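For reference, the structure is listed below as C-alpha cells.
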Number of protein chains: 2
Amino acid sequence: MAFIKVSMDALHADTTLSNYMHHLAEVPLLRQCTPAQRQHLAQHARLEHHAKGKVLFLSGDRADHFFLVLTGWVKLYRETLDGMQAIVDVLPAGHLFGETALFEENVFPFSAEVIEPATLLRLPIAVLSDEISKDPALALAMLRVMVQYRRQQDQELEHTKLQSAPQRIGCFLLRLLDQRNQGPFSLNLPYDKTLIASRLGMQPETFSRALTRLKDETGIRISGARIEGDAISQLAIYACGACSSTFPCKDKAG
Amino acid sequence: MAFIKVSMDALHADTTLSNYMHHLAEVPLLRQCTPAQRQHLAQHARLEHHAKGKVLFLSGDRADHFFLVLTGWVKLYRETLDGMQAIVDVLPAGHLFGETALFEENVFPFSAEVIEPATLLRLPIAVLSDEISKDPALALAMLRVMVQYRRQQDQELEHTKLQSAPQRIGCFLLRLLDQRNQGPFSLNLPYDKTLIASRLGMQPETFSRALTRLKDETGIRISGARIEGDAISQLAIYACGACSSTFPCKDKAG
DNA sequence: CGAGGGTTTGAAGTGCATCAAATAGTGTGG
DNA sequence: CCACACTATTTGATGCACTTCAAACCCTCG
C-alpha cells in the first residue's frame with residue numbers, strides 16, 4: 001500500500017526540500033501540480049511531530065494552514081451542544097486535511113486530534129490558494145477530488161442507513177484489503193477498536209458483538225487486532241448485499 | 001423564497017432564450033457565470049415537462065446532460081442489491097442535478113425520478129465542461145459550491161447518527177423556515193409525508209409517530225400538511241441540541 | 001505486581017422497523 | 001352531489017438492533 005511506503009521514508013527522513021516534495025507527489029490532489037508548484041508548496045512546509053492526544057485545531061478556528069499526514073493517524077470530528085461526538089473521518093498517512101477551509105472563509109469546519117503519534121507537514125493555505133487561482137488545471141483537479149469525496153459521503157450515508165452493524169464492519173475490512181487479490185487474507189486493525197466503532201457510528205460494545213457475529217456468519221478468524229480469512233468473497237457476499245455499489249468497492253480518496 | 005418566484009415565471013413561460021437565461025441566473029453555481037456563458041448554455045437548453053413517476057435516468061446511465069428544476073420536485077436515489085432504496089436528495093425548483101457527472105466519467109452516480117409534475121431544463125454537460133475549462137473563475141465557483149455541499153453532507157451524516165427521529169423532523173422544519181424571523185410561523189409541508197420520511201431515512205409510520213411526539217414536546221400545531229407554532233425557538237431548542245452547528249442552520253445550496 | 005485503559009460479556013431498556021388494520025383524503029364516474 | 005376506489009396517513013401490537021449501565025476480563029507498562 002502506498003502509505004506504508006511513505007511512512008517508511010518519513011522515518012528515515014532528512015528534512016530537505018526535495019524530500020518534502022517527494023511526499024507531496026504522493027498525494028492525489030497535489031500529484032497533478034507541476035513540479036514548480038509543488039516546490040512552491042514545499043518551500044513553505046513545516047514538519048511537525050505530535051504525541052497521541054494532541055489537538056491540532058478546533059472547529060471554528062481560523063485556518064491559515066492545512067496538513068498532510070506523513071505517519072500516524074489523525075481523527076477529524078465535531079461535537080454537538082449536548083456533548084456527543086461525531087467522527088467525520090480518520091486519516092492515515094498520505095491524506096490531506098483542512099484544505100477545504102480555503103473555500104469556507106478560512107475557518108475549519110471540524111476539529112482534529114492526533115490519535116496515533118504522528119508526523120505532519122503543515123502547509124500554508126495561502127500558497128495553495130495562490131496556485132489554484134493561477135492555474136485552472138489545479139482547480140479542476142481539486143474539483144475532481146471533491147466530487148469523489150462527495151460520492152463517498154453519499155455512500156457512507158447509505159451505509160449507516162441500510163447496513164447492519166456487522167455488515168458495516170465487513171465493509172470496513174474490505175476497504176483495508178487489496179480487493180484485486182481473491183485468495184486468503186490477513187490484516188491488522190489500523191487503530192483502536194473503540195475508535196473504529198465510533199468511526200462506524202456504533203458503540204464499542206456493539207462493535208465487539210457485531211464483530212463476533214461477523215466471524216460466525218462469514219468464517220473469518222479473529223485474534224486481538226489480527227483478522228484472517230480464506231477468501232475476500234466471504235466478506236463481500238455478506239457485506240455488499242446491502243450496498244448500492246458494485247463489488248470492488250473503492251477506498252477513500254486522498 | 002426564491003424558488004417560488006422562479007416557478008411562477010415558469011408557469012407563464014414563453015420559451016425564448018432570454019427566458020431560459022433568466023432561470024439560469026437564479027442558480028448559485030451559474031450566477032457566477034458571465035452573461036455570455038449563460039447564453040451559451042441557454043442556446044443548448046431544452047425545456048421538458050414530466051408527469052409524476054417519470055424516471056429521468058438510472059444510476060450508471062451515460063450522462064450527456066444535466067438538469068435544472070424549474071417547477072415540481074425531483075428525487076435522487078440509489079438502490080442496493082437487496083432492493084432497498086436510499087434517497088440521496090429531494091430537489092425543488094432552482095436546483096441543479098447531474099452536473100457532477102462531469103467529473104465522474106460521464107456516468108450518473110444515482111437515479112432520478114419526478115415526484116411532482118415537473119418542468120425541467122435539460123442542458124448538455126459538454127457545454128458546461130467547455131465553459132469550465134475555458135474559465136478558471138467558473139471552476140472556482142463550482143469548487144465553492146461543491147465544498148458547501150460536502151459540508152452539508154457531513155452534517156446530514158451527523159444527523160442520522162446523533163439525532164432522534166423527532167429531532168430530525170424538527171431540523172427539517174427549521175430549514176423550511178426563514179430563520180431570521182423569530183416570531184410565530186406557519187408552513188405547508190412541501191411534499192408527501194411518506195417521501196419526507198424516506199428523505200429523513202425513516203419509515204412513514206415512524207414519521208407519523210415522531211411528528212406527534214415533536215408536537216407534544218414543542219407545542220407546535222399540526223393539521224394535515226399545515227404546521228404552525230408560536231416561536232421558532234420552540235423547534236430550535238428541541239432539535240439543535242444534538243447538532244454540532246450553531247443555531248441559524250443553513251438551507252442546502254443549489 | 002498492580003494500575004489503568006481497552007475489550008468483552010451480561011442484563012435491561014429504547015427506538016425504530018415491521019406487520020396488520022383502521023381511518024382520513026382525494027379524485028372518479030355515475 | 002354522492003358512492004366508490006384508491007392512496008396517504010394514523011394507530012396498535014410485536015420484534016429486532018442497537019444502546020446503556022454494570023461488571024468482569026485482559027493486556028500492557030510502569
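Computed over heavy atoms, backbone and side chain alike; hydrogens, waters and symmetry mates excluded. Below, chain A is the first sequence line, B the second, and so on; all start at residue 1. Everything quoted here is computed from the prediction, not taken from an experiment.
Under the 30°/60° scheme for interplanar angles, the aromatic rings of Phe57(A) and Phe110(A) are found to be tilted.
Taking atom CG of residue Leu189(A) and atom P of nucleotide dT8(C), one finds them 10 Å apart after rounding to whole Å. Note: CG (Leu162(A)) to P (dA17(D)) measures 15 Å, nearest angstrom. Rounded to whole Å, the distance from CG on Leu214(A) to C1' on dA17(D) is 16 Å. Between the C1' atom of dT8(C) and the CZ atom of Arg213(A) lies a distance of 16 Å, rounded to the nearest Å. dG15(C) atom C1' lies 14 Å from atom CD of Glu217(B), rounded to whole Å. As a whole-Å value, the separation of Asp216(A) CG from dT9(C) P is 11 Å. Atom NZ of Lys161(B) and atom P of dA17(D) are 20 Å apart (whole Å). When rounded to the nearest whole Å, the span between NZ of Lys215(A) and C1' of dT8(C) equals 12 Å.
Side chains of Asp82(B) and Thr80(B): a donor-acceptor N/O pair is present below 3.5 angstrom, by distance only. Arg151(B) and Thr100(A) share a side-chain donor-acceptor pair at under 3.5 Å. Side-chain polar atoms of Gln85(A) and Ser198(A) form no donor-acceptor pair below 3.5 angstrom.
Under the side chain to side chain contact (heavy atoms under 4.5 Å, CB included) criterion, Glu217(A) pairs with Arg213(A), Tyr238(A), not counting sequence neighbours.
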Hey, what are the protein-to-nucleotides 17-19 of chain C N/O distances that come in under 3.5 Å?
residue : atom : partner   : partner atom : Å
dA17(C) : OP2  : Gln203(B) : N            : 3.2
dA17(C) : OP2  : Thr206(B) : OG1          : 2.4
dT18(C) : O4   : Arg209(B) : NH2          : 3.0
dC19(C) : N4   : Glu205(B) : OE2          : 3.2

Taking N or O atoms only and anything under 3.5 Å, show me the protein contacts with nucleotides 4-7 of chain C, one pair per line.
residue : atom : partner   : partner atom : Å
dT7(C)  : OP1  : Lys193(A) : N            : 3.3
dT7(C)  : OP2  : Lys193(A) : N            : 3.2
dT7(C)  : OP2  : Thr194(A) : N            : 3.0
dT7(C)  : OP2  : Thr194(A) : OG1          : 2.9

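Two residues are said to be in side-chain contact when any heavy atoms from C-beta on lie closer than 4.5 Å; Ser245(B) and Gln155(B) meet this criterion.
In terms of heavy atoms, Cys240(A) sits closest to Leu174(A) at SG-CD1, 3.8 Å.
Counting non-hydrogen atoms of neighbouring residues, nucleotides and ligands closer than 6.0 angstrom, the NZ atom of Lys54(B) reaches no more than 12 such neighbours.
Checked for salt-bridge contact, Glu156(A) and Arg199(A) meet the test: a charged N lies under 4.0 Å from a carboxylate O.
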